[in-house]
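Start at 1 and go down the list; that is how both ligands and their atoms are numbered. All residue numbers in this chain count up from 1 along the given sequence.
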Amino acid sequence: MKAKMRKVAALGLFVAAAGVFCAVEMQANEPAAVQAAPEKQYESYGATQVVGVEPIKNMFSHKSHVVTAGLSCDSCHPDVFERKRGAAKAKGDYNMASLDAGKYCGVCHDGKSAFNTTGPETCKTCHGSDMKQPDTIVFNLPVKTVIFEHKGHVDMGLDCASCHDKAFEMRKGAAEEHPDKFTMEALYAGKYCGACHNGSDAFASNTRCTTCHIGVKGFDRKFAGAAEAGKKDHGKKEH
Ligand code: HEC
Ligand code: HEC
Ligand code: HEC
Ligand code: HEC
Ligand code: HEC
Ligand code: HEC
């Protein structure tokens, strides 16, 4: 892994060579106006104009690798990453399992050449959050109170990649932004929950409606304990 880490000795040298190397600018939290700018931008390091490449995703910044960490382009291109946005993703194994096994970002992020990928503090450095999966997700669009439990599903031995990002984005509310698509028909076609709830990997989506659709009453019942902790018991019998 060390062999991949050809450092440019000094920033001065880097700038001198910048006719060949093109560096790369823009941090994750730029204003929207800047992010919307055309793909190639010319930025200035010292006296030299270099091509700026936008951050690939908020978690990866060319600038922090090329300028701050002093890595040359060929420590990543083309052996670790193609110079094409989305190329790694298209390979189908761009996930934590690969990173942990020393591929892609994991070539360096192995706890030796750079911070590791096994966290928990490091999750935040790349993902911007601690990646804590929310306990219970309740979908209310297009219909009310469909329940999803991360814990139940993860405890069954499903790993994160079995749902993210293929069946679901790792962002609460993403599926509900398209209530016209997030439907039973889509589930029956193998999308969303239907990726598994197809009658062979898990109970079929056209059965046991009320296991997923717990209904408003079911929701109240399930969360009665929490909701009523500070309230009087309204004579409900459940426990
Ligand atoms: C630490 C690793 C790393 C280094 C060093 C690095 N890159 Fe990249 N580069 C990436 C990654 C990751 C991608 C995205 C690849 C993907 O999505 O599959 C990328 C993508 C690109 C792209 C495609 C951008 C686009 O929008 O399609 C260009 C151009 C590029 N890099 C140029 C450079 C240049 C020039 C240098 C040296 C100044 C450099 N990179 C150094 C990791 C690196
Ligand atoms: C060629 C080696 C190499 C590769 C490949 C690489 N990194 Fe890094 N990365 C480094 C080094 C070196 C540092 C700085 C030292 C450190 O923080 O441990 C760094 C730092 C970072 C930082 C902290 C930057 C900051 O501003 O604090 C993030 C985030 C990061 N890398 C994400 C990624 C992601 C995501 C990928 C894959 C897309 C990746 N890196 C691929 C070597 C690499
Ligand atoms: C060096 C940067 C880096 C660190 C550290 C890191 N990740 Fe990731 N993670 C990535 C990249 C890159 C991807 C693939 C992104 C993509 O598909 O666009 C990814 C994908 C994921 C995914 C979705 C696919 C999968 O593999 O399941 C999950 C979940 C995830 N990371 C969780 C975590 C957790 C939890 C931690 C901390 C233990 C962590 N990551 C630490 C870079 C990182
Ligand atoms: C069986 C499917 C499934 C598995 C397995 C799964 N998730 Fe999720 N996850 C979801 C769904 C569904 C959502 C909500 C997506 C939506 O609303 O569009 C979600 C959302 C998230 C969110 C977004 C939270 C927010 O507040 O925006 C995070 C973070 C997350 N998952 C992390 C993980 C991690 C880490 C793992 C592995 C330990 C994991 N998930 C495994 C289905 C799954
Ligand atoms: C990656 C596969 C996978 C995906 C995607 C998935 N599930 Fe499941 N789910 C399972 C498996 C496996 C079981 C347990 C086997 C069984 O009961 O048939 C299960 C069980 C359940 C249960 C009963 C156990 C419990 O946790 O209460 C519910 C409810 C449920 N899933 C809802 C959903 C909903 C809603 C979605 C979509 C938001 C979803 N699941 C997406 C695999 C998945
Ligand atoms: C595996 C979990 C699951 C099962 C089982 C399930 N559903 Fe759904 N259902 C969902 C999800 C997820 C949505 C979309 C989110 C929402 O509407 O809150 C949905 C949405 C719906 C909708 C509104 C969208 C549309 O397709 O018109 C109806 C109606 C519906 N379900 C009826 C049913 C009926 C009837 C059954 C039993 C034959 C059933 N569902 C079984 C998860 C499930």
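- Considering each of F203, F139, F182, F148, the one bringing a non-hydrogen atom nearest atom 14 (C) of ligand 6 is F182.
- Atoms of ligand 3 found under 4.0 Å from any heavy atom of C105, numbered from 1 in the order shown, are 12 (C).
- Taking any N or O of S113, backbone or side chain, none lies under 3.5 Å from an N or O belonging to ligand 2.
- In terms of polar-atom proximity, C209 is not counted as a contact of ligand 6, lacking any N or O under 3.5 Å from an N or O of the ligand.
- Taking the side chain as every heavy atom from C-beta outward, N140 and E176 approach each other to under 4.5 Å.
- Inter-residue side-chain proximity for F81 and C105 is flagged as met; some heavy-atom pair is nearer than 4.5 Å.
- For the atom pair L187 CG and F182 CZ, the distance stands at 7.0 Å (nearest 0.5 Å).
- Taking a 6.0 Å sphere around CG of D180, one finds it holds more than 12 heavy atoms contributed by other residues, nucleotides or ligands.
- Within the listing of ligand 6, atoms 10 (C), 42 (C), 43 (C) sit less than 4.0 angstrom from a heavy atom of L187.
- For ligand 6, the polar-atom distance check finds no N/O of N206 at less than 3.5 Å from any of the ligand's N/O atoms.
- K103 and D93 are joined by a salt bridge, as a carboxylate oxygen and a charged side-chain nitrogen come within less than 4.0 angstrom of each other.
- Of all the atoms in ligand 2, the ones that sit under 4.0 Å from a non-hydrogen atom of C76 are 1 (C), 5 (C).
- Not a single heavy atom of T125 sits closer than 4.0 Å to an atom of ligand 3.
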(request) Take F168 and Y192 through the ring pair (Phe, Tyr, Trp, His ring centres under 6.0 Å) test and state the conclusion after the steps. (result) CA-CA 6 Å; F168 289 97; Y192 301 111; 5.7 Å; yes
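- Remark: ligand 3 and M96 share an N or O pair separated by less than 3.5 Å (distance only, no angle test).
- Listed by number with element, the atoms of ligand 3 under 4.0 angstrom from any heavy atom of M170 are 22 (C), 23 (C), 28 (C), 29 (C).
- Only the side chain of H197 comes within contact range of ligand 6, with a heavy atom under 4.0 Å; no backbone atom does.
- Close approach of ligand 2 to C108 is summarised as follows: ligand atoms under 4.0 Å from at least one heavy atom of the residue are 1 (C), 2 (C), 3 (C), 4 (C), 5 (C), 42 (C), 43 (C).
- Ligand 6 lies less than 4.0 angstrom from a heavy atom belonging to L141.
- Between H153 atom NE2 and D159 atom CG the span is 13.0 Å, to the nearest 0.5 Å.
- A 4.5 Å side-chain heavy-atom check between T118 and D100 finds at least one atom pair inside the cut-off.
- In C193, the part holding a heavy atom less than 4.0 Å from any atom of ligand 6 is the side chain.
- The shell of residues lying under 4.0 angstrom from ligand 2, judged by heavy atoms, excludes V107.
- Those atoms of ligand 3 that come under 4.0 Å of a heavy atom in K89, given as number and element, are 16 (C), 17 (O), 18 (O).
- At a heavy-atom distance under 4.0 Å, only side-chain atoms of L71, from C-beta outward, approach ligand 2.
- Side chains of N95 and Y104: no donor on one and acceptor on the other come within 3.5 Å.
- Here the shortest heavy-atom distance to atom 40 (N) of ligand 3, taken over K166, H127, H109, belongs to H127.
- Relative to atom 5 (C) of ligand 6, the option among V143, T210, T207 with the closest non-hydrogen atom is T207.
- Salt bridge status for E169 with R171: present, with a side-chain N to carboxylate O gap under 4.0 Å.
- Under 4.0 angstrom from ligand 2, there are no non-hydrogen atoms of A88.
- Residue S205 does not count as close to atom 8 (Fe) of ligand 6, with no N, O or S atom under 2.8 Å.
- Of all atoms in ligand 3, numbered sequentially from 1 with element shown, those under 4.0 Å from a heavy atom of N116 are 5 (C).
- Interatomic distance, Y188 OH to H197 NE2, rounded to the nearest 0.5 Å: 13.0 Å.
- In this structure, the separation between CE on M96 and NE2 on H127 is 5.0 Å, given to the nearest 0.5 Å.
- Atom numbering of ligand 2 starts at 1 in the shown order; those under 4.0 Å from a heavy atom of A114 are 10 (C), 11 (C), 18 (O).
- With Y104, Y94, F115 as candidates, the residue nearest to atom 12 (C) of ligand 3 on a non-hydrogen basis is Y94.
- Distance from atom 13 (C) of ligand 6 to its nearest protein heavy atom, with residue and atom name: V146 CG2, 4.1 Å.
- Within ligand 3, counting atoms from 1 as listed, the ones closer than 4.0 Å to a heavy atom of L99 are 10 (C), 11 (C), 42 (C), 43 (C).
- Distances below 4.0 Å separate heavy atoms of T122 from the following atoms of ligand 3: 5 (C).
- For NZ of K91, the number of neighbouring non-hydrogen atoms (other residues, nucleotides, ligands) closer than 6.0 Å is greater than 12.
- Distances from atom 8 (Fe) of ligand 6 to the N/O/S atoms of H213 are shortest for NE2.
- When each of V146, I147, V138, D220 is checked for a side chain to side chain contact (heavy atoms under 4.5 Å, CB included) with I214, only I147 meets the rule.
- For atom 26 (O) of ligand 6, the nearest protein heavy atom lies under 4.0 Å away.
- H150 contributes atom NE2, which lies 5.0 Å from atom CD1 of I137 (distance to the nearest 0.5 angstrom).
- For the pair C73/R83, a side-chain contact is recorded, criterion being any heavy-atom separation below 4.5 Å from C-beta on.
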